[in-house]
Each structure stands twice: as structure tokens, then as C-alpha cells.
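Just so it is clear: chains get the letters A, B, ... in the order the sequence lines come, proteins before strands, and each one is counted from 1. All heavy atoms count here, side chains included; hydrogens, waters and symmetry mates do not.
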Amino acid sequence: MEYNFKAIEQKWQAEWIKRGTYRVKEDSSKPKYYVLDMFPYPSGAGLHVGHPLGYIASDIFSRFKRLQGYNVLHPMGYDSYGLPAEQYAIQTGQHPAVTTAKNIARYREQLDKIGFCYDWDREVRTCEPEYYKWTQWAFIQMFNHYYDKSLEKACPISDLVARFEEKGSEGLQAACSEELTFTAAQWKAFSQEEQQQTLMNYRLAYLGDTMVNWCPKLGTVLANDEVSEGLSIRGGYPVEQKMMRQWCLRVSAYAQRLLDGLDKIDWTESLKETQRNWIGRSEGCEVQFKVKDSDMEFTIFTTRADTMFGVTFMVLAPESELVASLTTPEQKAEVDAYLDAVKKRTERERISDRRVTGVFSGSYAINPLSGEAVPVWISDYVLAGYGTGAIMAVPAHDSRDYAFAKHFNLPIIPLIEGCDVSEESFDAKEGIMMNSGFLNGLTVKEAIAKAKEYVSEHHLGRVKVNFRLRDAIFSRQRYWGEPFPVYYKDGMPYMLDESQLPLELPEISDFKPTAQGEPPLGHAINWQTPEGYPLELNTMPGFAGSSAYYLRYMDPHNDKALVSKEANEYWRQVDLYIGGTEHATGHLIYSRFWNKFLFDLGCICEDEPFKKLVNQGMIQGRSNFVYRIKDTNTFVTLSKKDQYDVTPIHVDVNIVSNDILDVNAFRAWNPEYATAEFIFEDGSENYVCGWAVEKMSKSMFNVVNPDNVVEKFGADTLRLYEMFLGPLEASKPWDTNGIDGVHRFLRRVWNLCAHGESFTFSDEEATKAELKSLHKLIKKLTWDIEHFSFNTAVSAFMICLNELGRCNKRAILKPFVTLLAPFAPHISEEIWQALGQEGSVCGAQWPLCDESYLVEDSVVYSISFNGKTRFSLEFPADADNETIQATVLAHESTQKWMDGKPARKIIIVPKKIVNIVL
RNA sequence: GCCCGAAUGGUGGAAUGGUAGACACGAAGGACUUAAAAUCCUUUGGCCAUAGCGGCUGUACGGGUUCGAGUCCCGUUUCGGGUACCA
């Protein structure tokens, strides 16, 4: 009876569906555990072998927890709104809903073949109305709330209105776009429109004029995390800065809580650090500078208040509103020319070309500490969006200011004793202050504190904490996304009533912007409320649907709430989240924000969504090359390629096995190579290919599809092999060179049980040695799985099998297949059944380790001299240190090595080592 | 530039400060077989020795702590990831 993995896997996959093996219900009699994968965007290319890496790991973990008696929630779904489907629609005219459904079906088929234990009854798709109803609902809630900094939580906007009616803006501590001051009387005198505009300044979802990343090629704005180095992540098109009126989420209101929350969760330090940098808290102060010969003043932000005596000029961002008011008539022409030049440069040019540019505004500012007047410049090295869009420049102690000062010949005043600023600035925050009035003689740290104190006491400014984290731009000028539950009346936005949700995405046939430049929804017929008010034409971005999907899995069919209180209080939060690091500053920030907001509303009971997070590494492609001798159709094997003038050519990795080319398949691969000749390795008919690690992509012919692997070796082999490849978190190339090893392992397991045409098992009792191997395995596996060390776990099975030899005793095999079940569920089920066990191995009990089997009878000690091993001696396991010492010292080899000298020290450590120091 | 992370045989990779190279691939040799596949056995870091025992050396490089360092500390190099005028 052969190991017919194909038949076995089909049989059990069908059986699991029939039995509903993986269906899960809330069950208060069992402890719960929630294991989640980052749900995929179903792309047209299907899954490649890199995608299932994390899914396999989480599947093993889920099955393990289940065997340990936990009630495990392990769902899967699709992030099914997004740009690629829409780009494809523009190119081909195929409706995104159609291609998305097709892609999902393909993904499902591929996932099913791998034998995952998902509860598919809980599947969610972000593009379905029953799902995005709750995305829209959350948006309405954000619109109707503001963030109260004194209470450190979101509060209803009606509270804010009541407050304004009572005492205006006095004493208000709320997250806002700009600080406003008005009295209750003024508030009451505001027109309806003015009141609404004022409230917009505080809402957590607000319509704001902001600098956005505009991608002309995609015809939409993008969030900061959707742009990298001036190019869009999707498609790699250039992005430019543009002022637009957009829906935004006030994520920045939660900056401090997002930062503090990191200390409470079990994520890798590096990922937390990435988030900390992205949030970018910096403590400093705002200082007001008066403009010379004018009653104007402006505010700057600095973290180095100690360097105020070294300010030799000021710089404004070109986009700053101050530019217009501070530019003098004489300088106007020059400034306008500069602003024009800056505007023309794309983000990408600004990044690649770091030339120092700038222009003098004509105005001077008065240093509030020294009273001196310094020129105000305008330069694009100052960003409008951070701090106040204006800085004080201290060229001696800031490298950017230094470069600017050198370029424009501005003075540089050193402030720290002994520093040399003739070649470069001294940026370090250390040393003793000089040239700094009342700060002289203090260390930099002391000076920072003192200067801050001085500034606040003398009302020159205030202590301020700034964050780098920006509000999220939430509008996309695209079709394939959630419609906003928003309509406009007299130009003002209003939210639909909750009873009108979901607002379904209308059908359109043209996915391009309208002739008037409106988003594609402008093509929709009757896109208005029943009362005839026009609906919002933008749609929500990709991260909208993925920000709370983990909550929906808890209660996916509830049409009364995102998640019921009971379901949420049972499942609470994701215990283990597995996914890639690429979401560190996008999804993983937005989800935390969204979760904290819902927590503030009292909808959910946990403040953080993902308790533990594990990042799986990327699987890269391993490309193969053949070497064609120039101007011929002859190909030369790897070891001889240097003897010829050759061109390396990518060859499809699917016709290469262990780097050996299937030459017939190669001839058939491409008509061009039909008549190819080969120069083989010496003494064989083998053509050996070269290889390189590259990104997995179609153009490199290195994409490996999991279906092909399943077809050839079976799902159990794929699962084991992906884990065996190396540590889960490490990036590694896909390389099938070792897959025979794990496949052989499974066949050996099979062959233990299968003899001739049936299964035979021995009923004999297990020997002590067999039990020892088994319990060693139990102990190691339990530890390895809990620590996500799946590669060593797979090795542990192989070691155990080597030790067991040909043992086919039921007493050993039953626990063995239970242990194997999380890794290779299909073969485990088959053997479980053959053993005559009831039910499914998935419902069995994880075996417990009996440590007594692991106790050794005797222990071999290595005897070392000065740390170098010289010989070995065997002792009974219970021998005490004194006996060991005495025996070792009396041994003739010891006498030889000690050569009559007394030992200085004898160290016996619990690892079978005796070390003698001479 | 800044912040992380890594570096171990021909390859993927093991190793709570305690016999480095587990496990697997590949390779070499052998058994079985008409043959192939499959299976099984032996060897496999390097150098030296070899009838046999064995010896030396070795975890990117240079130092240090320690009885003992792949592991901890300091410095250097290389590679990978993140981020970038954030004042």
C-alpha cells in the first residue's frame, strides 16, 4: 500500500467539511484562543508559495491549541476592495466585482488544498454590503465624536456643543486642526454654517484642506504609508503634493495612546520601534518671535531651546501661510520665482536632489532672548506639515541649518565649549554651554530644561510635545471602495441615518474619472438621497475595511451590531496575529486607532486589538539560469560556463529540479530553444543551472505555485517543508532542493503502519527507550510550538523517527500521530483512523510529557583542562559532585594532564562537563 | 545620515555561557534489483595522520570578560530591513 497522499488528502478535506470539524461556537466552559492571519488581497496572480507560510504557522498553532483543549477561533476572509481590481477594470472593462469574485474563488481553491482548519462559516469580504455597513457605521461614529484630551478619550460631539453653549472654547482641551478661541456668546451668534465649520475642527472624521499625496497616474490621493520614496506602493507611479479638501481621520489625537499601548503588547521590539518612530514623539517648546518694525509675530517649534543664543536666521516652509505676510515688497518678485520653482519639483525630485535652495523674505525677526534681529528666509528644507512650518536656525548645532548657512554665507555661532564648527555642525546633545547668556556653564541637558522654564515663565512660548504621526487622509477618488455615508446640503456634509446603512456601491460601467474631473462615482445614476441631496463621490481607502475585520469574525452575521457584546466579551481580542512587517506603519496603526476609538465608545472590551504579533519572513524567489554561448543555440553547464563567452538566461524554475535542467522540457518550453544543444557536466548527462535569489515574479520565471507542490508531493509535505525551510521570521528564498527530505519522512511514517495491502500495528508494550524518545519529542514539540520554532519542531519528528527505527506499536504511534496532526493533518487522520480511534485526531488530546522517562541512568562527563576537553568518563546519574571529583582526580589520565601540579579549581556544571583549572 | 537585524560546512539551517555543525539536502561509496524507481547501510567542516588509535584547527575580522564564548561586552567590515530634510 503506497502512500497515496492525493487520495488521503482529498478524502479528509471532504470529510472535515462533512463533519464540520472546524466550526467553532462561543463556549464558556472552555478557555478561548483567537488566532488570526492577515487576510489577503485576492490578486489576479493567485497565491504563490510565499503566501501560505504564515497561514501554515498559524494553522499549526491553532490545531495545537485545540488539542490542548482551547476553544480556538481561526477565521479567514478577503480584503477585497482595492486598486488593482479597478486598474484592471479600466484596462479591460471587466467589472471589479466580477474579477474580485473570480480571484476569491481561486484563492479559496488554493487554500483548501493545503488543509487549513479555518471556520469558513465566519468568512468576511470587505466589499460586501453586510460587511461594509459596519465600516460606514464606524465612520459616522467618528464624525459624531471628538477627542477630549483631559479625559483621554473620544466623546460625543453633542457634549462639545453643550460646552460651547455654556462657556465657549474656554479651558477646552481637545484634539483639533487649529486652536480656536471664542466665547459662548460668540458661539451662539455663529451662523449654522459657521457652527458646523467650527465643529469640523474637532470631529474625529473631518473634512479638511490638507496637503495630500496626489498620484496623477492613479487619479487619486494616497496615504503616507501608501507612498515610498515619492512613488506609489501600488504601481510605482510618481506622487506629487497638492492641496485638496478631503475626508481625514484624526489619528493624531490618539498618538500618545498609540505610543503607550505598545508597552502592553507582545510584539517584536523592532516592530514596536518602527511604530514609535512613525508616531515620532518629540518634546520641545514653541517660541514666539516678533517681526522687526511690525506688530506681527510667529511661532516656531524647537527641541533645542538651549541653542536660542545661536540663532542666526529663521526659515519658513514655502507652503507656510506666513510667507505671504512676511515677504517685503522689494523681495516679492524673487520669492514668487522661488515658490514657483519649488512647486514644480515633484516629491521624487526633492528626495533625490538635495541641493540647498532658498530665498530671503526681506523681513527680520527679533530673538526673544538676545533681542537681536535675524533675517527670515524661505526654504523647502522646512516642512509645512510639521510643527508650525517655521524654524529658528542654529547652524552651529544642526547639520541642515549648517549647510544652509554655508551656502548663503550666514553667520555661525558656536555655543558649546571646545566644539569645532569650521567643517561641520556639532549636533550632539552634550558639552558645556557658552556664548549663551544665562545658560553659560550649564550642560546641554540642564540648559534645555532651564531654557524651557525661562520661555514659559516669561510668556515667550510654551512647552509642547509634537508628533510626527499625521491624520489619515481617508478619501480616494476611486470606484472600488466603500461609499461614504455622506450627503451634501448647501455645500455642508451630513451623515446618513444609521437605518439607511449600508449605502451600497452603485453600478457604473465607466471606471475612469468623469469629463468634469470628478471621481468615477460621478458616472453613477441617481447617486443621491431619497430627498434628492447629492451623495459623496469619493470612496474610502483600502485600510478602511481592514481596520476592524478581526472584530467582525467574532460575530460575522450580526445585522444589529458590528459585534455583539456577548461575542466580544468571549473572544475579546486577537491572541496571536501572524503577518508581514510591511503593514507596520499602515494597517497595524490604523487598526489600533480604530480599536481604541471603538473601545472609547464602549462597543468593545479591549483597548488593543492584537495581543501577540509574529511576523513571518518573506519568501523570495530562487531563479535559475542557463548559459547560452554567444551567437549560438548551445548551452553550457554551470561548471564550464567560464570557459566560454556566455549570456545567462532566466529559465523557468518549474522545469529545473535540484538545479538540474530537464533538457527536453527546456526544448519544449520556448520554440526558440527547440533545437538547443547542451554541454553537460563531465561524466554525466546532467545540465546544472546557475541560481540567484530575487523577488518572486513572473518576469524572472521563478514563481512557484503551491498547487504544483501539492500536486507533486501533497499538502502535508508542503506544510512540513515550508516550516522546515528555516525560522518563521527569517526571509528566505524558496528552494525545493530539500523537499524530498520531508516527503521521505512522511513516507517513512506511512511505511511504519502500512504493510502489503493493509495496516498492521503491534500491540506490544513500548520499551523504555521508545518511551524516552516519545517523551523527548513531546517536551521538545510543546516548547517549540509555543515559541514558534517550527523548523526545529519538524527536525524533532525526524530525530524521533530515526530513534524509533521500525517500531509500529500502537502505544507509540497513537501519541505520535497526535503530535504530528497540527503539522500534517491528513496523514495523521488516516493513521488515526487505521489505529481504530474514534472521531478525528483534531479532537484528540495533546499528550503530556512524563519527565520520569527522560531521566538518564548514567551520564557521560567530558573532562576538560583549562576549558579544553581531554577525555570522557561515565558516572551513574545520581552520582554526587564529591564522588565525581574524587574519581576524576584519581583517574590516571587526570594525573597525566595535571603533571603533579595541584588543581586551582574544579568546576562541575550540569551539562556533563568537569573542567579542571590548573 | 539615523534606527533595527543578521554573518556558522558545498546548501538550508541546529546549539538555556558548557563536547559547535543537530536535522535535512547534496555528494561519494555500498546492499537489494535484469534495470530503473523506491528502500536500506556507511562516509561527509578543514588540515595532518591512517593498519588502528588519534592530533591540530575552526562559527565575518580585531580586542576583552570568563575555568569555559557561535552565544556576553567594545571596536571594524560586509549584507539585509525600516526610515529620512520631523527642527
### Query
If you check the A/V382 side chain, which of B/rA87, B/rG13, B/rC85 turns out closest?
B/rA87

### Task
Round to a whole Å and report the spacing from NZ of A/K905 to P of B/rG18.
17 Å

### Query
Starting at the 5' end of RNA chain B, which residue's closest nucleotide do you reach first, A/N915 or A/N737?
A/N737

### Query
Can you check whether A/F5 reaches A/K712 side chain to side chain, under 4.5 Å on heavy atoms?
no

### Same-atom distance (P) from B/rU65 to B/rC79, integer angstrom
32 Å

#### Entry: Nearest-neighbour nucleotide for the A/L383 side chain, B/rU19, B/rC25, B/rA87 considered
B/rA87

### Query
Among the nucleotides B/rG12, B/rC3, B/rC40, which one has an atom lying closest to any side-chain atom of A/E273?
B/rC3

#### Entry: B/rA15 to B/rA24 separation - P atoms, rounded to the nearest Å
16 Å

### Query
Under 30°, 30 to 60°, or over 60°: which ring-plane class applies to A/H743 and A/Y3, parallel, tilted or perpendicular?
tilted

### Atom-to-atom span, CG of A/D380 to C1' of B/rA84 - whole angstrom
15 Å

### Message
Nearest whole Å is fine: how far is B/rA87 P from A/F404 CZ?
### Response
19 Å

#### Entry: C1'-based separation of B/rA28 from B/rG80 [nearest Å]
35 Å

### Message
Under 4.0 Å, counting only non-hydrogen atoms across every strand here, what does A/P733 touch: a base, just sugar-phosphate, or nothing?
### Response
nothing

### Query
In whole angstrom, what separates A/H743's NE2 from B/rU39's C1'?
13 Å

### A/R744 side chain near B/rC25 phosphate (N/O to OP1/OP2, under 4.0 Å)
yes

### Query
Looking across every strand, which nucleic acid part, if any, lies under 4.0 Å from A/I799 by heavy atom: base, sugar-phosphate, or nothing?
sugar-phosphate

### Query
So, is A/N751 close to the B/rA38 phosphate, meaning a side-chain N or O under 4.0 Å from OP1 or OP2?
no

### Query
When you check the side-chain N and O atoms of A/N866 and A/R904, is any donor under 3.5 Å from an acceptor?
no

### Task
Counting heavy atoms from C-beta on, name the nucleotide in B/rA24, B/rU19, B/rA87 closest to the side chain of A/S862.
B/rU19

### Query
Can you find a side chain N or O atom of A/R747 that sits less than 4.0 Å from OP1 or OP2 on B/rU39?
yes

### Message
Taking the ring of A/F313 and the ring of A/F408, is the distance between their centroids below 6.0 Å?
### Response
no

### Query
Does the side chain of A/D784 come under 3.5 Å of the side chain of A/T792 through a donor N or O and an acceptor N or O?
yes

#### Entry: Inter-nucleotide C1' distance (B/rG70, B/rU19), Å rounded
14 Å

### Task
May I have the distance from A/F865 (atom CZ) to B/rG55 (atom P), rounded to whole angstrom?
13 Å

### Query
Between A/T585 and A/Y590, is any side-chain donor less than 3.5 angstrom from a side-chain acceptor?
no

### Query
Base, sugar-phosphate alone, or nothing: which one does A/N802 contact when heavy atoms must sit under 4.0 Å apart?
sugar-phosphate

### Task
Considering just the side-chain nitrogens and oxygens of A/S282, establish if one lies under 4.0 Å of OP1 or OP2 belonging to B/rA87.
yes

### Query
Under 4.5 Å between any side-chain heavy atoms of A/T894 and A/F865, yes or no?
yes

### Query
Say you pick atom C1' in B/rA49 and the same atom in B/rA37; how far apart are they, in whole Å?
41 Å

### Message
Roughly how many Å apart are B/rU83 and B/rG10, using the P atom of each and rounding to a whole number?
### Response
36 Å

### Side-chain H-bond candidate by donor/acceptor type, A/D398 with A/S425, under 3.5 Å
no

### Query
Reckon A/R870 has a side-chain N or O less than 4.0 Å from the OP1 or OP2 of B/rU19?
no

### Message
Starting the side chain at C-beta, find the nucleotide from B/rA15, B/rU19, B/rC23 nearest to A/S795.
### Response
B/rC23

### Message
As a test of reading the structure: which of B/rA87, B/rU83, B/rU19 is closest to the side chain of A/F301, going by heavy atoms?
### Response
B/rA87

### Message
What's the gap between B/rG30 and B/rU16 when it is taken at their C1' atoms, as a whole Å value?
### Response
41 Å

### Query
With distance as the sole criterion, is a donor-acceptor pair present between the side chains of A/E874 and A/S858 under 3.5 Å?
yes

### Message
Measuring from the side chain of A/I391 (C-beta onward, heavy atoms only), which nucleotide among B/rA87, B/rG12, B/rC85 has the closest atom?
### Response
B/rA87

### Message
For a quick check under 3.5 Å, do A/T760 and A/H755 share a side-chain donor-acceptor pair by atom type?
### Response
yes

### Query
Does A/N791 place a side-chain N or O at less than 4.0 Å from the phosphate oxygens OP1/OP2 of B/rA14?
yes

## Note on the structure
Ranking B/rU83, B/rC67, B/rG18 by distance to the side chain of A/W278, first place goes to B/rU83

### Query
With Watson-Crick and G-U wobble geometry limited to distances under 3.5 Å, how should the secondary structure of RNA chain B be encoded in dot-bracket form, using | for bases paired to another strand and [ ] for crossing pairs?
(((((((..(((.....[....)))((((((.......))))))((((.....))))..(((((..]....))))))))))))....

### Query
Mind telling me whether B/rG9 is syn or anti, cutoff 90° either side of 0?
syn

### Message
Side chain of A/I907, heavy atoms from C-beta onward: which of B/rC85, B/rA14, B/rG18 has the nearest atom to it?
### Response
B/rG18

### Task
Choose from B/rC3, B/rA87, B/rA24 the nucleotide whose nearest atom is closest to any side-chain atom of A/N277.
B/rC3

### Message
Considering every strand and a 4.0 Å limit on heavy-atom distances, what is the contact class for A/F745: base, sugar-phosphate, or nothing?
### Response
nothing

### Message
On RNA chain B, does the nearest nucleotide to A/L725 precede the nearest nucleotide to A/V860 from the 5' side, or the other way round? Give the residue.
### Response
A/L725

#### Entry: Whole-Å gap separating P (B/rA15) and CG (A/D784)
8 Å

#### Entry: Length of the CZ-P vector between A/R276 and B/rG82, whole Å
19 Å

### Query
What's the CD-P distance between A/E582 and B/rU83, to the nearest Å?
11 Å

### Task
Indicate whether OP1 or OP2 belonging to B/rA87 is found under 4.0 Å from a side-chain N or O atom of A/Y381.
no

### Task
Using the C1' atom on both, measure B/rU66 against B/rG1 and round to a whole Å.
38 Å

### Query
Are A/Y338 and A/S379 side-chain neighbours, meaning at least one heavy-atom pair lies under 4.5 Å?
yes

